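Just so you know, residue 1 is the first one in the sequence shown, and it goes up from there. These numbers were taken from a predicted model, which means no experiment stands behind them.
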Amino acid sequence: MCGIAGIIQSSQVFQPEQVRKMLATLSHRSPNGQNCWNNADGSALLGHGRLSVIDLSPAAAQPMHYLERYSIIHNGEIYNYIELRKELEKQGYSFSSQSDTEVIIAAYDHWEDECVEQFDGMFAFAIWDEKEKELFAARDRFGEKPFYYYKHNGQFLFASEMKALWAAGIEKTTNLQLLFNYITIGYVNNPERPEETFFENIFKLPAASRLYFTPASGELFIEKYWDIDPGNQNTTITDEDAVEQFNELLSISVKRRLRSDVSLGTSLSGGLDSSTIAYLIAQSSVQPSFAAFTASFPGFAKDELSFSKAVTDQLHLTHHIITVSAEDLVSNWDKLCYHQEEPIGSASVMAQYRVFELAKQKAITVLLDGQGADESLAGYHKYYKWYWQELFLKRKLNRSGELQAAKNLGAEENFGIKNIIASLFPDLAMVILERRYLVHALRHEDLHRDFVRLQSREAYYSAPPHDGLNGRLYFNTFMHGLEELLRYADRNSMAHGREVRLPFLSHELASFIFSLPSNFKIRNGWTKWILRKSIDKKLPDRITWRKDKTGFEPPQQQWMLHPRLQEMIYEAKRKLVQEKILRENVLSKPVEPSGAHQANAFDWRYLSAASIL
């Protein structure tokens, strides 16, 4: 886990000093040193900031060179590097380090651009080929590790964070169209243009994509190398076989993500996902003892500390608890915004920030986390309607008993005429939804009329491209939803020089999950059914069969009553008024506190939106 920065150019417009400036902005990602390298003609300038996790010796330092031809800078981890190394050694390759980075560069020499299809990992790397005078770069399948870039004619600049590009002299101009979407409906990315950021002319390499840049011609080519077909389902698999395969794939994923030469721990919210990861770590002979880290909100009805304590007590774990308050949000807001760079959805990001800060204080470098399960396994109650619509089309809804089963478990979702119409006419439902979003945005009374007129010409609102529950899960896993959570996790962990690993984001596990019919995700009213079955009788029933599922949530509504935070929101509104984004009368309106998962949380969005101007 590290920070990378590079400049590839057809003429010497940029000098090595620019790369050093870029790396200086990434010092939080590189507590173990920084190095720069450039080739003889100055066409390739590479910089790397190191967080040592696998092979702590100087032999694993980067930029790393191989066969007197390739030079690589890499951020992330390849978890199956041991298996790949053995395979490459059989092909005649030799290695001078024990690092996963050297395996990447040997794999590229052997498999060329298809090497990425061999990797189980989170990564963003760039390889300069001195012979071909070409840059090859790639990003992992889910987008866990960031890769931002700027291109102008024969110059190509890239880095782990956008602040490094600004340090090299790239202009910082807010993308007002994406800001319009964030303010009106809370989107922090554009599902239809995944490369887009909140800043003009700065782009991100989409997840599961590889990139080629040739400075001589200025040609940039990007292609997707991996995808999942949510409609290709195994309808003959038995419950027993499905649970067995799920268990095996998740266990393999956890064991691979425990490969480390530094201390490990786990984030533990008390929910099913993080508790399952903690259990599997405890069962692994690789890591017999470890620490768990939990954020607590005393007095808040949704505080999950009692659930996390039930897990740590059963597994005999060292439990580190951080109490997070409104004062933390106020005092750390500027630092949080600096690291996140783009708007954030809720105050839960601050709680996560403090958890990683605690891990740093306790000298734990790597943390495993349960993120990614809710999106692929239908962890939220909002997914019921997609499953019910699927059953309705198959004429199985009434006799399935799913409506009543969900109601018995406390679900408040209903299935009415709108759901029936959406089931029968999905294309029409999508058009209606997009139009409703746009009309809602156009009628937003706080927005300056000129801002609305200029930015609403091209609406981004997008619906799932596939029908049914699997289609919706695909949308939230690969197009809109999980991506923002991965950005929060990367920036929050790296702000403190920590590494976060996500076992549910093994591509082999995800491919298997999406091959399963919907009733393995929701059954008898239970969300994440297969995960619950896999961990049944291994964790306390109050966790495995817990009914009151909510996303990780701090008392944001209460925090927004804090006098200093109200002042910050007012100042944010004033800034947005000055930029003619909001109308002046918004300054006379009192702050409307909102929960972390509440729709129309406009005052929170104003606070966050102002941070990028």
*Asks:* Quick check: closest heavy atoms across Leu368 and Pro503, and the distance to 0.1 Å?
*Replies:*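 The answer is CD2-CG, 3.9 Å.
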*Asks:* Do Ser71 and Glu130 meet the criterion of a side-chain donor-acceptor pair at a distance under 3.5 Å?
*Replies:*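 Result is no, nothing qualifies.
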*Asks:* So, for Asn234 and Pro517, which heavy atoms are closest and what is the spacing to 0.1 Å?
*Replies:*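 Heavy atoms of Asn234 and Pro517 come nearest at O-CD, 3.3 Å.
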*Asks:* Quick check: closest heavy atoms across Ala167 and Thr25, and the distance to 0.1 Å?
*Replies:*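 It is CB-CG2, 3.6 Å.
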*Asks:* Test of understanding: with salt bridge (Lys or Arg N to Asp or Glu O under 4.0 Å), list the residues that count as partners of Arg141, not counting sequence neighbours.
*Replies:*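 For Arg141 there are no salt bridge (Lys or Arg N to Asp or Glu O under 4.0 Å) partners, ignoring immediate neighbours.
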*Asks:* Measure from the ring center of His496 to the ring center of Tyr353 and say whether it is less than 6.0 Å.
*Replies:*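 Here the rings of Tyr353 and His496 have centres that are less than 6.0 Å from each other.
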*Asks:* Can a donor-acceptor pair be found, under 3.5 Å and without considering hydrogens, that links the side chain of Thr276 to the backbone of Leu272?
*Replies:*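 Yes.
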*Asks:* Counting only N and O atoms by type, is there a donor-acceptor contact under 3.5 Å from the side chain of Asn75 to the main-chain atoms of Cys2?
*Replies:*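 Yes.
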*Asks:* I'd like to check Asp140 versus Phe119 (side-chain heavy atoms, cut-off strictly below 4.5 Å). Are they in contact?
*Replies:*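 No - every pair of side-chain heavy atoms lies 4.5 Å or more apart.
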*Asks:* Just how far is it from atom CD of Gln314 to atom OG of Ser275, taken to the nearest 0.5 Å?
*Replies:*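 These two atoms lie 9.5 Å from each other.
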*Asks:* Thr294 side chain to His319 main-chain N or O, any donor-acceptor pair under 3.5 Å?
*Replies:*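 Checking the backbone N and O of His319 against the side chain of Thr294, no donor-acceptor pair under 3.5 Å is found.
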*Asks:* Got Pro16 and Val19 here, is their nearest side-chain heavy-atom distance under 4.5 Å?
*Replies:*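 Sidechains of Val19 and Pro16: no contact.
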*Asks:* So, the side chain of Gln9 versus the backbone of Gly42: is there a donor-acceptor pair under 3.5 Å, distance only?
*Replies:*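 Answer holds: yes.
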*Asks:* Is any side-chain heavy atom of Leu135 closer than 4.5 Å to a side-chain heavy atom of Phe158?
*Replies:*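 Sidechains of Phe158 and Leu135: in contact.
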*Asks:* Can you tell whether the side chains of Arg487 and Glu483 come within less than 4.0 Å, N to carboxylate O?
*Replies:*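 Answer for the salt bridge query: no.
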*Asks:* Kindly state whether the ring of Tyr70 and the ring of Tyr66 have centres lying under 6.0 angstrom apart.
*Replies:*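 Not under 6.0 Å, so no.
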*Asks:* In Å and rounded to the nearest 0.5 Å, what is the CG to OG distance from Leu88 to Ser94?
*Replies:*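 Going from CG on Leu88 over to OG on Ser94, the span is 11.0 Å.
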*Asks:* Is the shortest side-chain heavy-atom distance between Phe552 and Leu485 below 4.5 Å?
*Replies:*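 They are not in contact (no side-chain heavy atoms under 4.5 Å apart), so the answer is no.
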*Asks:* Are Thr477 and Ser376 close enough that a side-chain donor and a side-chain acceptor fall under 3.5 Å?
*Replies:*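 Their side chains do not contain a donor-acceptor pair, so the 3.5 Å distance test is not met.
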*Asks:* Check whether any side-chain N or O of Asp374 sits under 3.5 Å from a backbone N or O of Lys528 as a donor-acceptor pair, and report yes or no.
*Replies:*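 Looks like no, no N/O pair under 3.5 Å.
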*Asks:* Look at the aromatic rings of Phe504 and Phe246 and report parallel, tilted or perpendicular, splitting at 30° and 60°.
*Replies:*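 Rings of Phe504 and Phe246: tilted, as their planes differ by 30° to 60°.
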*Asks:* Which pair of non-hydrogen atoms, one from Ser160 and one from Gly3, has the smallest distance, and what is that distance?
*Replies:*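 Scanning both residues, the minimum pair turns out to be OG-CA, 3.6 Å.
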*Asks:* Within the supplied structure, the quantity of interest is the number of heavy atoms (other residues, nucleotides, ligands) at a distance under 6.0 Å from Glu240 CD; does it exceed 12?
*Replies:*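 Result for CD/Glu240: open.
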*Asks:* Using a 3.5 Å distance criterion without hydrogens, assess whether the side chain of Glu196 forms a donor-acceptor pair with backbone atoms of Leu178.
*Replies:*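 Flag not set: sc Glu196 to bb Leu178 has no pair under 3.5 Å.
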*Asks:* Just to verify, what does Glu244 make a salt bridge (Lys or Arg N to Asp or Glu O under 4.0 Å) with, not counting sequence neighbours?
*Replies:*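 Salt bridge (Lys or Arg N to Asp or Glu O under 4.0 Å) check on Glu244 returns nothing, list empty.
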*Asks:* Does a donor on one side chain and an acceptor on the other come within less than 3.5 Å for Ser251 and Asn247?
*Replies:*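 Result is no, nothing qualifies.
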*Asks:* Are the side chains of Gln18 and Leu45 in touch, meaning some heavy atoms are under 4.5 Å apart?
*Replies:*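 The answer is no, as the side chains (C-beta and beyond) never meet within the 4.5 Å cut-off.
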*Asks:* Side chains of Gln62 and Asn35: closer than 4.5 Å at any heavy-atom pair?
*Replies:*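 Result no, sub-4.5 Å side-chain heavy-atom pair not found.
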*Asks:* Going from OG1 on Thr101 to CZ on Phe125, what distance comes out if it is rounded to the nearest 0.5 angstrom?
*Replies:*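 Between Thr101 OG1 and Phe125 CZ, I get 10.0 Å after rounding to 0.5 Å.
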*Asks:* Starting from the C-alpha separation in whole Å, work towards a yes-or-no answer on side chain to side chain contact (heavy atoms under 4.5 Å, CB included) for Arg498 and Ile364.
*Replies:* CA-CA 8 Å; Arg498 305 301 97 179; Ile364 300 297; 5.6 Å; no
*Asks:* For Thr197 and Glu342, run side chain to side chain donor-acceptor pair (under 3.5 Å): C-alpha distance rounded to whole Å, both residues' side-chain angles, the deciding distance at 0.1 Å, then the answer.
*Replies:* CA-CA 8 Å; Thr197 72; Glu342 297 181 288; 4.6 Å; no
*Asks:* Taking the six-membered ring for Trp, are the ring centroids of Tyr81 and Phe95 within less than 6.0 Å of each other?
*Replies:*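 Tyr81 vs Phe95: aromatic centres not under 6.0 Å.
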*Asks:* Which heavy atom of Asp113 sits nearest to which heavy atom of Tyr108, and what is that distance?
*Replies:*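 Taking Asp113 first and Tyr108 second, the nearest heavy atoms are N-CE1, 4.0 Å.
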*Asks:* For Phe156 together with Tyr149, are the ring centres under 6.0 Å from each other?
*Replies:*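 Yes, the ring of Tyr149 comes within the 6.0 Å limit of the ring of Phe156, centre to centre.
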*Asks:* Could you tell me the separation between the OH atom of Tyr93 and the CD atom of Glu102, rounded to the nearest 0.5 Å?
*Replies:*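 Tyr93 atom OH to Glu102 atom CD measures 12.0 Å (nearest 0.5 Å).
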*Asks:* Decide yes or no for Ser515 and Asn232: does some side-chain heavy atom of the first lie under 4.5 Å from some side-chain heavy atom of the second?
*Replies:*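 Of all side-chain heavy-atom pairs linking Asn232 with Ser515, none is under 4.5 Å.
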*Asks:* Verify salt bridge (Lys or Arg N to Asp or Glu O under 4.0 Å) between Lys86 and Glu89, making sure each step is shown before the conclusion.
*Replies:* CA-CA 5 Å; Lys86 290 178 180 177; Glu89 285 175 335; over 6 Å; no
*Asks:* Verify the distance criterion only: is there a donor paired with an acceptor across the side chains of His339 and Asn492 at less than 3.5 Å?
*Replies:*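 Checked: His339/Asn492 side chains show no N/O donor-acceptor pair below 3.5 Å.
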*Asks:* Could you tell me which residues satisfy salt bridge (Lys or Arg N to Asp or Glu O under 4.0 Å) with Asp41, sequence neighbours excluded, listed by chain and number?
*Replies:*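 Asp41: salt bridge (Lys or Arg N to Asp or Glu O under 4.0 Å) contacts with Lys133.
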*Asks:* Any side-chain donor-acceptor pair under 3.5 Å between Asp120 and Tyr79?
*Replies:*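 Distance-only check fails for Asp120 and Tyr79.
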*Asks:* Quick check: does any side chain N or O of Arg139 sit under 3.5 Å from a backbone N or O of Lys145, one acting as donor and the other as acceptor?
*Replies:*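 Flag set: sc Arg139 to bb Lys145 pair under 3.5 Å.
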*Asks:* I'd like to know if Glu112 pairs up with Arg210 as an ion pair, taking the criterion as any Lys NZ or Arg NE/NH1/NH2 lying under 4.0 Å from an Asp or Glu carboxylate oxygen.
*Replies:*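 Between Arg210 and Glu112 there is no salt bridge, as every charged N stays at least 4.0 Å from the carboxylate O atoms.
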*Asks:* Between the main-chain N or O of Leu26 and the side-chain N or O of Glu161, is there a donor-acceptor pair closer than 3.5 Å?
*Replies:*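 Pair absent, no side-chain N/O of Glu161 close to backbone of Leu26.
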*Asks:* If the threshold is 4.0 Å, N to carboxylate O, is there a salt bridge linking Asp100 and Arg259?
*Replies:*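 Salt bridge: no.
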*Asks:* Rounded to the nearest 0.5 Å, what separation is found between the CD atom of Gln340 and the CG atom of Asp490?
*Replies:*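 Reported value, rounded in 0.5 Å steps: 8.5 Å.
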*Asks:* Below 4.0 angstrom, N of the basic side chain to O of the carboxylate: do Glu83 and Lys255 qualify?
*Replies:*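 Lys255 and Glu83: not salt-bridged.
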*Asks:* Among Tyr338, Phe199, Tyr150, whose ring-ring contact (aromatic ring centres under 6.0 Å, His included) with Trp166 holds?
*Replies:*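 Of Tyr338, Phe199, Tyr150, ring-ring contact (aromatic ring centres under 6.0 Å, His included) with Trp166 is met by Phe199 alone.
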*Asks:* Do the side chains of Glu357 and Arg354 get close enough for a salt bridge, i.e. N-O under 4.0 angstrom?
*Replies:*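 Yes, this pair counts.
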*Asks:* Parallel, tilted or perpendicular: which one describes the rings of Tyr212 and Phe136, with boundaries at 30° and 60°?
*Replies:*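 Rings of Tyr212 and Phe136: tilted, 30 to 60°.
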*Asks:* Is it true that, when you exclude Gln15 itself, more than 12 heavy atoms of the residues, nucleotides or ligands shown sit nearer than 6.0 Å to its CD?
*Replies:*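 More than 12 within 6.0 Å, yes.
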*Asks:* Return yes if some donor-acceptor pair links the side-chain N/O of Ser209 with the main-chain N/O of Ala207 below 3.5 Å, else return no.
*Replies:*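 Confirmed, Ser209 side chain pairs with Ala207 backbone.
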*Asks:* Any donor-acceptor pair under 3.5 Å linking the side chain of Arg29 with the backbone of Leu51?
*Replies:*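 No; zero donor-acceptor contacts below 3.5 Å.
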*Asks:* Answer yes or no: is there a side-chain heavy-atom contact under 4.5 Å between Ile237 and Phe520?
*Replies:*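 In short, these two side chains touch, coming nearer than 4.5 Å.
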*Asks:* Specify the closest pair of heavy atoms between Asn470 and Pro230, including all atoms of both residues, with the distance to one decimal.
*Replies:*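 Smallest interatomic distance, heavy atoms only, reads ND2-O, 3.1 Å.
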*Asks:* Working note: Arg256 + Glu508, criterion salt bridge (Lys or Arg N to Asp or Glu O under 4.0 Å); need CA distance, chi angles, decisive distance, verdict.
*Replies:* CA-CA 13 Å; Arg256 284 180 176 176; Glu508 294 166 330; 3.6 Å; yes
*Asks:* Side chains of Gln118 and His110 only: does a donor on one sit below 3.5 Å from an acceptor on the other?
*Replies:*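 No, because no side-chain N or O of Gln118 sits under 3.5 Å from a partner of the opposite role on His110.
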*Asks:* Counting only heavy atoms not in His65 (residues, nucleotides, ligands), do more than 12 fall under 6.0 Å from its NE2?
*Replies:*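 Correct, the count exceeds 12.
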*Asks:* If I take atom CG from residue Leu315 and atom CD1 from residue Ile281, how far apart are they, to the nearest 0.5 angstrom?
*Replies:*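 So the CG of Leu315 and the CD1 of Ile281 are separated by 9.5 Å.
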